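Values below: every heavy atom of this structure, side chains too, minus hydrogens, waters and symmetry copies. So that the names make sense, note that chain A is the first sequence line, chain B the second, and so on, each numbered from 1. Since the model is a prediction, treat every value here as computed from it, not as a measurement.
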Amino acid sequence: MDTGEQEELARDKLLERLLPEEPCAGEAGAGPGEFASRLAPGEDPPGCGELRAAHAGSEVALYGWIQRRRDHGGLLFIDLRDRTGLVQLVFNSEGDRELFAAAESLRSEYVIAVRGEVVRRDPDNVNPALKTGEIEVRVKSLEILNCSKTPPFYIEDGLQVDENLRLRYRYLDLRRPENYRRLEMRHRMVKLIRDHLDSCGFLEIETPMLTRSTPEGARDYLVPSRTSPGSFYALPQSPQLFKQLLMAAGVERYFQIARCFRDEDLRADRQPEFTQIDIEISFLGRERLFAIIEGMMARLFGNLLGRELSLPFPRLTYREAMDRFGSDKPDLRFGMELVDCSEPARESEFKIFRAALEKGGVVKALRVPGKGGASRKEIDDLVKLAVEFGAGGLAWMIREEEGWRSPIAKFFSPALLGRIGERTEAAPGDLLLFAAGDAALCSEVLGRLRLHLAPEELSPEPHFLWVVDFPLFEYDAAEKRLSSAHHPFTAPHEEDLHLLEKDPLAVRSQAYDLVLNGVELGSGSNRIHRREIQMQIFKILGLSEAEAMEKFSFLLEAFEYGVPPHGGIALGLDRLAALFTGDDSIRQVIAFPKTAAGSCLLTGAPAPVEPKQLRELGIAVRSASKDGGPGR
RNA sequence: GGAGCUGUGGUGUAGCGGUUAACAUGCCGGCCUGUCACGCCGGAGAUCGCGGGUUCAAUUCCCGUCAGCUCCGCCA
């Protein structure tokens with residue numbers, strides 16, 4: 001036993017003397033105590049942070065945690081914290097001596113209940129930094145509801161503590177007011193979303209968490225079945241198939257605040273389990289859905305951030321987005337659009353450009369305003385970056401008051417340079433970056449450079465955007481086959497149906513993404529609702545008829561019983577919430593997040609299980625993995 | 001799977017091939033009747049993430065490993 005624990009015990013003894021009745025009663029509802037009964041029906045009393053000068057003269061009961069103690073010997077101040085804020089309690093040694101002794105025993109994070117009188121402070125003693133700074137509470141009775149060890153970190157906003165530690169003591173971390181506000185923001189968002197969708201005629205319906213593993217997509221989290229040894233459930237990557245079946249069931253408008261699971265490596269904006277606002281609608285298609293989502297965003301931004309959105313949101317096709325911004329989720333808060341310079345480049349003497357064009361490629365430019373003063377090293381770093389992004393190289397030109405500075409300018413006639421200047425709208429002091437080669441690669445590389453070189457000051461206005469007409473398939477180089485760009489249930493674009501067989505990569509889909517400030521908030525599509533087209537898609541994806549029937553017979557069968565045309569979208573609630581709270585990581589807006597390795601530092605999950613449990617499941621573990629549990 | 005960054009009293013940091021491992025804060029004790037990040041005085045508290053190597057000597061240099069974070073791959 002260390003000295004800390006001994007001190008702890010000594011303090012407990014002291015409290016027992018001072019407070020004979022359950023000094024550290026842990027369980028709420030431990031008898032109908034004086035204070036517990038006060039919480040009974042009727043209205044809630046004002047919280048600590050809600051007391052104002054108007055309450056002066058009234059008697060209040062307060063419950064909360066000790067934020068801070070300022071002991072002046074004969075006079076003792078306590079900042080009492082609950083979720084509403086802080087209020088100062090005063091204990092005076094000239095009053096009740098037993099009460100004062102009890103107050104002296106209080107320490108950080110003790111949970112107490114007090115009764116006392118709200119009094120105005122002398123004008124000299126007002127604390128303008130505190131919302132409750134005009135008053136204080138003269139305590140008449142005190143009950144210690146629970147003691148606390150000294151917390152490993154101080155409970156206050158803006159603290160810089162190792163995330164490791166905060167996650168291990170997440171319940172303490174969450175006591176910090178800014179974290180309460182995060183939880184509250186998320187709650188408000190979900191409430192508004194429910195209200196909005198309800199008013200649009202949607203039904204919230206829960207779908208199974210234990211479902212079957214399906215091919216395509218992310219790695220599944222598997223759950224072994226006890227009753228069918230050797231068989232597994234999968235946790236849903238999304239409720240995709242169930243919501244389509246709900247359309248088959250005639251629900252017409254479904255939504256769910258749905259937990260989803262994907263066993264992939266994590267990022268600041270990716271957790272193994274996350275929440276989607278999952279929506280599906282029959283008959284009315286994309287336009288109606290867009291309007292519903294736009295209305296939802298307007299409600300959220302209006303109510304929670306006081307921002308009015310201009311509706312409807314602009315749209316770009318996937319092709320346009322890639323051509324102009326080099327991204328399928330362009331950040332429209334700034335310009336710097338990519339410009340095709342193939343035509344003047346073709347007439348230049350620059351061999352690299354001409355070779356790229358002769359192979360059917362393009363030459364594209366990114367204009368970086370005011371970056372003409374960049375040092376040689378800065379430019380070299382950009383070239384390095386471009387190569388990292390997959391480019392063969394990066395050419396550059398700087399527009400000067402008179403003429404151009406560039407290692408490649410000599411390959412261009414003054415007339416050609418003039419045309420490039422016109423196309424790119426280059427002004428003196430601007431830097432032009434050129435990529436040459438495959439069109440998609442050039443766009444992507446310049447698109448990433450565009451983000452890298454984005455202005456520091458960005459428009460505070462939210463810039464929403466629908467990106468539509470995504471390709472239906474993409475080529476999976478690892479698997480050497482086609483895979484769905486969105487998912488296998490996405491309907492092909494009607495106009496491109498004839499291309500399915502001969503040029504599937506050219507087929508556009510009816511899929512779309514909602515993008516905000518360069519962040520993909522969600523994606524959706526009109527779905528296939530005809531069995532033969534679904535089978536055709538499966539076939540192109542390399543799924544035989546037998547496999548398709550084995551994995552998806554339930555869906556294909558449903559298609560034989562009159563499924564309405566339908567479509568829907570799933571929006572990432574965590575990302576949206578992080579955006580609203582101004583956080584970089586979605587961990588901040590998840591009550592109990594996991595680390596980048598997928599472990600929970602609070603509970604120690606994932607952890608080994610008892611051999612008996614494995615036997616019941618018919619599972620043998622081949623090699624004990626590491627140690628199990630987080631390092632502490 | 002790959003790369004980078006981080007790891008020193010409870011917490012946040014400093015430090016250096018040989019230190020009594022420094023500072024702040026917190027904690028404990030004492031004093032204090034108007035503080036509000038109270039103040040003053042005193043005290044306790046660290047095998048420098050873990051393992052190995054180099055060296056007369058490693059918290060410091062090297063290798064490995066673990067944990068956390070960030071990024072690439074991956075994420076229909």
Side-chain angles (χ1 to χ4, degrees), chain A residues 2-4 6-8 10-11 67-80 86-95 100 107-109 121-130 132-133 136 149-156 158-169 172 214-220 237-238 240-241 260-272 274 388-390 448 470 472-474 476-479 482-490 509 511 520 523 525 537 541 570 572 584-585 587 594-597 599 601 626-627 629-632:
Chain A
D2 65 30
T3 50
Q6 283 168 3
E7 283 157 11
E8 214 71 51
R11 190 182 303 150
Q67 178 70 24
R68 193 165 240 127
R69 188 180 67 131
R70 286 179 296 279
D71 185 351
H72 287 240
L75 191 65
L76 183 64
F77 299 102
I78 298 280
D79 287 340
L80 187 66
L86 290 180
V87 71
Q88 173 166 281
L89 310 180
V90 196
F91 294 87
N92 197 316
S93 60
E94 285 170 8
F100 192 79
R107 292 294 181 276
S108 282
E109 299 308 310
R121 300 192 191 185
D122 285 344
D124 298 350
N125 292 331
V126 164
N127 182 358
L130 225 54
T132 58
E136 62 195 9
K149 289 168 77 169
T150 300
F153 50 84
Y154 197 67
I155 310 296
E156 70 181 345
L159 89 172
Q160 297 291 318
V161 179
D162 187 41
E163 194 161 356
N164 227 326
L165 195 72
R166 281 170 38 204
L167 289 179
R168 202 179 135 195
Y169 296 97
L172 295 180
T214 52
E216 295 273 318
R219 202 174 291 118
D220 283 318
Q237 295 179 26
S238 87
Q240 183 60 36
L241 292 170
C260 304
F261 305 84
R262 291 176 192 177
D263 186 5
E264 296 292 346
D265 287 346
L266 308 182
R267 289 282 191 287
D269 61 352
R270 288 193 337 225
Q271 283 271 302
F274 59 99
E388 263 174 52
F389 293 159
R448 290 172 77 166
F470 273 77
L472 188 61
F473 301 107
E474 54 198 23
D476 184 334
E479 302 268 324
L482 295 179
S483 67
S484 293
H486 185 50
H487 59 54
F489 317 105
T490 303
S509 72
E520 182 202 315
S523 60
S525 65
I537 299 293
L541 291 172
D584 293 329
S585 165
R587 285 192 302 277
K594 295 189 172 55
T595 69
S599 63
L601 297 181
K626 291 175 199 162
D627 225 358
R632 294 204 164 166

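When each of B:G34, B:G10, B:U70 is scored by its nearest atom to the side-chain atoms of A:Pro152, the top-ranked nucleotide is B:G10. Between B:C75, B:U70, B:C72, one nucleotide has an atom nearer to the side chain of A:Ala218 than all others, and that is B:C75. In the set B:U33, B:C27, B:C36, B:U33 carries the atom at the smallest distance from any side-chain atom of A:Leu75. Minimum atom distance to the side chain of A:Ala596 is reached by B:C69, of the listed B:C69, B:G12, B:C36. Residue A:Glu136 has its side chain nearest to B:G34 when only B:G34, B:C71, B:G29 are considered. For A:His72, taking side-chain heavy atoms from C-beta onward, the closest of the listed nucleotides B:C75, B:A37, B:U33 is B:U33. In this structure, the nucleotide among B:C27, B:A67, B:U70 sitting nearest to the side chain of A:Ser585 is B:U70. Of the listed nucleotides (B:C74, B:U35, B:G34), B:U35 has the atom at the smallest distance from the side chain of A:Arg70. Relative to the side chain of A:Arg68, the nucleotides B:C71, B:C38, B:G34 differ in distance, and B:C38 lies closest. Here the nucleotide nearest the side chain of A:Ala268, chosen from B:A67, B:C71, B:U11, is B:C71.
Using a 4.0 Å heavy-atom cutoff across all strands shown, A:Ser483 reaches no nucleic acid atom at all. No engagement by A:Ala129 is indicated, since no non-hydrogen atom pair under 4.0 Å with the nucleic acid exists. Within 4.0 Å of A:Ser93, counting heavy atoms only, lies at least one base atom of the nucleic acid. Looking at heavy-atom distances under 4.0 Å, A:Ser238 makes contact with a base. Nucleic acid contact for A:Arg166: none, since no nucleic acid atom lies under 4.0 Å from a heavy atom of the residue. When heavy atoms are screened at a 4.0 angstrom cut-off, A:Glu156 is found touching no nucleic acid atom at all. At a threshold of 4.0 angstrom between heavy atoms, the contacts of A:Leu86 with the nucleic acid are absent. Residue A:Asp263 is out of contact with every strand shown, counting any heavy-atom pair closer than 4.0 Å.
Contact annotation: side chain of A:Gln88 to base of B:U35, donor-acceptor pair present below 3.5 Å. At a cut-off of 3.5 angstrom, the base of B:U35 holds at least one donor-acceptor pair with the side chain of A:Arg121. Taking 3.5 Å as the limit, the base of B:G73 and the side chain of A:Asp265 contain a donor-acceptor pair of atoms between them. Within 3.5 Å, a donor on the side chain of A:Arg267 pairs with an acceptor on the base of B:G73, or the reverse. Contact of A:Arg270 with B:C75 (side chain to base): a donor-acceptor pair of N or O atoms is detected under 3.5 Å.
Comparing the same atom, P, in B:A14 and in B:G64 gives a spacing of 25 Å after rounding to whole Å. Here, B:C27 and B:C38 have their P atoms 10 Å apart, quoted to the whole Å. Nucleotides B:G10 and B:C48, compared at atom P, are 12 Å apart to the nearest Å. Remark: the separation of the P atoms in B:A44 and B:A21 is 14 Å, to the nearest Å. Rounded to the nearest Å, the gap between the C1' atom of B:G7 and that of B:C75 is 30 Å. Comparing B:U13 with B:C56, their P atoms sit 36 Å apart, to the nearest whole Å. Nucleotides B:G68 and B:G15 have their C1' atoms positioned 23 Å apart, rounded to a whole Å. Between the P atoms of B:C40 and B:U35, the separation comes to 14 Å (whole Å).
Checking B:A57 for Watson-Crick or G-U wobble geometry (two distances, each under 3.5 Å) identifies no partner in any strand. Under the Watson-Crick or G-U wobble criterion, with both distances below 3.5 Å, B:C32 is left unpaired in every strand shown. Pair assignment for B:C38 gives none, since no Watson-Crick or G-U wobble pairing has each distance under 3.5 Å. For B:G64, the paired nucleotide is B:C50, the pair qualifying as Watson-Crick or G-U wobble because both relevant distances are below 3.5 Å. B:G43: Watson-Crick or G-U partner is B:C27, with both key distances under 3.5 Å. B:A3 is paired with B:U70 under the Watson-Crick or G-U wobble criterion, all donor-acceptor distances under 3.5 Å. Using the Watson-Crick or G-U wobble rule with both distances under 3.5 Å, B:A22 pairs with B:U13.
B:A37 atom P lies 8 Å from atom CG of A:Asp79, rounded to whole Å. Put simply, CG on A:Asn164 is 15 Å from P on B:G10, counting in whole angstrom units. Atom P of nucleotide B:U13 and atom CG of A:Leu165 are separated by 12 Å, given to the nearest angstrom. Note: CG (A:Leu130) to P (B:C36) measures 12 Å, nearest angstrom. Taking atom CG of residue A:Leu89 and atom C1' of nucleotide B:C36, one finds them 12 Å apart after rounding to whole Å. What separates CD of A:Gln67 from P of B:G26 is a distance of 12 Å, to the nearest Å. Between the CD atom of A:Glu388 and the P atom of B:G2 there is a distance of 18 Å, rounded to whole Å.
Listed for the A:Arg121 side chain is a donor-acceptor partner under 3.5 Å among the backbone atoms of A:Gly133. Looking only at distances, a side-chain donor or acceptor of A:Gln271 sits under 3.5 Å from a matching main-chain atom of A:Lys594. Counting only distance, with no hydrogens or angles, the side chain of A:Gln237 and the backbone of A:Ala218 share a donor-acceptor pair below 3.5 Å. Without hydrogens or angle criteria, A:Arg219 side chain to A:Asp263 main chain gives a donor-acceptor distance under 3.5 Å. When atom types are taken as modelled, the side chain of A:Ser509 and the backbone of A:Phe470 share a donor-acceptor pair closer than 3.5 angstrom. A:Gln88 places no side-chain N or O within donor-acceptor distance of the main-chain N or O of A:Thr132, the cut-off being under 3.5 Å. With hydrogens and angles disregarded, a donor-acceptor distance shorter than 3.5 Å links the side chain of A:Ser93 to the backbone of A:Gly74.
The side chain of A:Arg107 places an N or O atom within less than 4.0 Å of a non-bridging phosphate oxygen (OP1 or OP2) of B:C28. Not one side-chain nitrogen or oxygen of A:Thr150 sits closer than 4.0 Å to the OP1 or OP2 atom of B:C27. At least one side-chain nitrogen or oxygen of A:Ser599 sits closer than 4.0 Å to the OP1 or OP2 atom of B:G68. Of the side-chain N and O atoms in A:Arg587, one or more sit less than 4.0 angstrom from OP1 or OP2 of B:U70.
Between A:Arg69 atom CZ and A:Phe91 atom CZ the span is 11.0 Å, to the nearest 0.5 Å. To the nearest 0.5 Å, atoms CG (A:Asp162) and CG (A:Leu167) are separated by 9.0 Å.
Shortest non-hydrogen contact noted between A:Thr595 and A:Leu266 is O-CD1, 3.0 Å.
Between A:Asn92 and A:Pro488, the residue anchored nearer the 5' end of RNA chain B, judged by the nucleotide with its closest heavy atom, is A:Asn92. Judged by closest nucleotide on RNA chain B, A:Asn127 is the one of A:Asn127 and A:Glu163 placed further toward the 5' end.
For A:Phe153 and B:U11, the ring-to-base geometry does not satisfy the stacking test (centroid distance below 5.5 Å, interplanar angle below 30°).
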